[in-house]
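Take a look at the structure set out below.
Just so it is clear: chains get the letters A, B, ... in the order the sequence lines come, proteins before strands, and each one is counted from 1. Quick caveat, the model's predicted, so the values are computed rather than measured.
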Amino acid sequence: MIKARVTVTLKNGVLDPQGKAIEGALGTLGFEGVSGVRQGKVFDVEINGTDKAKAEADIKQMCERLLANTVIENYSISMD
Amino acid sequence: MKSAVVLVPGLNRDRDMIAALTKVSGQAPATLWQTETTLPEGLDLIVIPGGFSFGDYLRCGAIAARMPVMRAVADAAKRGVTVLGVCNGFQILVEAGMLPGALMRNTSLKFVCREVKLQVTNANTAFTRQYQPNQIIRCPVAHHDGNYFAEPEELERLEGEGRVVFRYAENTNPNGSINDIAGIMNASGNVLGLMPHPENLIESAHGGDDGRGIFESVLAKAA
C-alpha cells in the first residue's frame with residue numbers, strides 16, 4: 001500500500017474570500033499581526049501496489065484531472 | 001426545437017428548465033441521465049440546469065463535469081449543438097473545460113437570492129439575438145459561488161472576442177465577479193454559461209418575461 005497526501009492551495013493572485021474571513025476571525029480572537037491567510041484542501045490517498053513511481057504519476061494525473069482546478073489552484077504531492 | 005436537459009443528482013432547477021423549454025418551444029425536452037453516453041439524434045439545444053450537483057462536493061460542478069453524459073455533451077458541442085449552462089450548469093461547463101475560467105465563492109461569502117439587472121453585452125449571438133445591443137434586462141440569481149475569475153490574458157481574450165455575453169448592470173453585481181461578468185460563451189459561440197436564471201422569468205406569472213429572449217433566440221436559430 002502506498003500512501004500519499006495531496007495539498008491543494010489557491011494560486012497567488014486569486015482572491016480567497018474564505019481566507020479573508022478566517023483572517024478577520026483570527027483578528028477578532030485577539031491574534032494580532034496575522035496576514036495572508038489562505039484556505040486550501042488536503043487529500044489522503046491510498047493506492048494498492050508497490051510501484052511508487054507509477055503511483056506518483058497516477059496521483060499527478062488525479063490532481064490535473066480532478067483534485068485541483070489548475071485554473072485557480074496549485075497542488076503538491078507528498079509520499080510516504 | 002428539439003432540446004434536452006441534463007440530469008445529475010443534486011440538480012434542482014431541472015423542472016423549472018423543463019417547464020420553460022416546454023412553454024417557449026411547445027415541445028417537452030428529452031432528459032439525459034448522468035450515465036448516458038449517447039444523445040438523441042437531431043438535438044438543437046442541450047441545457048444543464050442549476051442546483052447543487054453532488055452536493056457541491058470538492059468544487060461546485062466538479063464531480064458532475066466528470067460524469068459520462070458530459071463527455072457526450074462535449075462531443076455534441078464540438079459538432080455545433082447549442083449548449084446552455086445555467087448557474088450550477090455554468091459551473092459544470094467550466095469544470096468540464098468547455099468554458100474558460102473558474103467560478104469562486106461570492107466575495108460576500110453569502111448565498112445570494114435576488115433579482116439583478118443584466119446588460120446584454122453581446123446581442124449578436126445564438127442566445128441573444130432577440131435582445132437589443134446593451135439592453136438591460138431583469139433576471140433572478142440564486143447562488144453561493146458565482147464569482148467569475150479568469151487569468152488576465154484569458155479575460156482580455158474573452159472581452160476582445162465579444163464572448164462576455166451578459167454583465168451585471170447598474171451596480172447589481174451580486175458576487176464580486178471580475179468585470180461584472182454574468183455569462184460567457186466559448187470561441188465557437190455555441191456554448192453559453194451564465195449564473196442568473198432566465199428560466200425563472202419567462203411569463204407574466206413570473207412577474208416578467210425578460211429571460212424568454214434567450215430561449216427564443218435559440219428557438220429562432222433552430223427553426
Side-chain angles (χ1 to χ4, degrees), chain A residues 3-31 34-48 54-79, chain B residues 53-54 56-68 70-71 74 88 90-112 143-158 173-181 184 186 193:
Chain A
K3 290 186 179 180
R5 172 164 285 188
V6 173
T7 306
V8 175
T9 52
L10 279 176
K11 286 182 178 173
N12 288 337
V14 175
L15 182 72
D16 179 11
Q18 292 171 107
K20 280 274 169 235
I22 293 161
E23 192 175 299
L26 290 172
T28 306
L29 287 175
F31 293 103
V34 178
S35 64
V37 175
R38 311 278 282 166
Q39 181 176 306
K41 295 188 186 97
V42 169
F43 303 88
D44 286 327
V45 182
E46 295 178 354
I47 296 180
N48 287 332
K54 182 184 183 301
E56 186 158 9
D58 283 351
I59 291 169
K60 189 164 187 298
Q61 279 301 307
M62 293 175 205
C63 291
E64 291 285 336
R65 294 178 59 192
L66 181 62
L67 300 182
N69 177 349
T70 54
V71 175
I72 50 169
E73 294 169 328
N74 291 320
Y75 61 86
S76 63
I77 301 165
S78 68
M79 306 189 63
Chain B
S53 58
F54 293 94
D56 283 345
Y57 291 176
L58 187 62
R59 297 176 303 273
C60 298
I63 312 280
R66 275 85 182 169
M67 290 299 112
M70 286 309 297
R71 278 202 292 276
N88 195 204
F90 184 11
Q91 295 162 341
I92 292 169
L93 287 173
V94 165
E95 279 285 345
M98 294 172 65
L99 290 172
L103 288 150
M104 308 193 44
R105 185 53 45 104
N106 299 344
T107 47
S108 65
L109 298 176
K110 292 187 175 118
F111 187 94
V112 290
H143 61 250
H144 208 161
D145 299 79
N147 178 2
Y148 185 77
F149 172 86
E151 296 282 354
E153 313 83 67
E154 187 65 60
L155 196 61
E156 206 174 307
R157 199 172 312 135
L158 284 170
N173 184 339
N175 52 41
S177 175
I178 201 162
N179 290 14
D180 294 326
I181 287 173
I184 56 163
N186 66 344

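Taking both residues in full, the closest heavy atoms of A:V14 and B:F149 are given as CG2-CZ, 3.7 Å, listed atom of the first, atom of the second, then distance.
Both the backbone and the side chain of B:L58 come within contact range of chain A, with heavy atoms under 4.5 Å apart.
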All inter-chain donor-acceptor pairs under 3.5 Å (chain B, chain A):
residue	atom	partner	partner atom	Å
B:L58	O	A:K41	NZ	3.1
B:R59	NH1	A:L66	O	3.1
B:R59	NH1	A:L67	O	3.0
B:R59	NH2	A:L66	O	2.8
B:R66	NE	A:R65	O	2.8
B:R66	NH2	A:R65	O	2.7

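Contacts with chain B were tallied for A:I72, A:L15, A:L66; A:L66 has the most, counting heavy-atom pairs under 4.5 Å.
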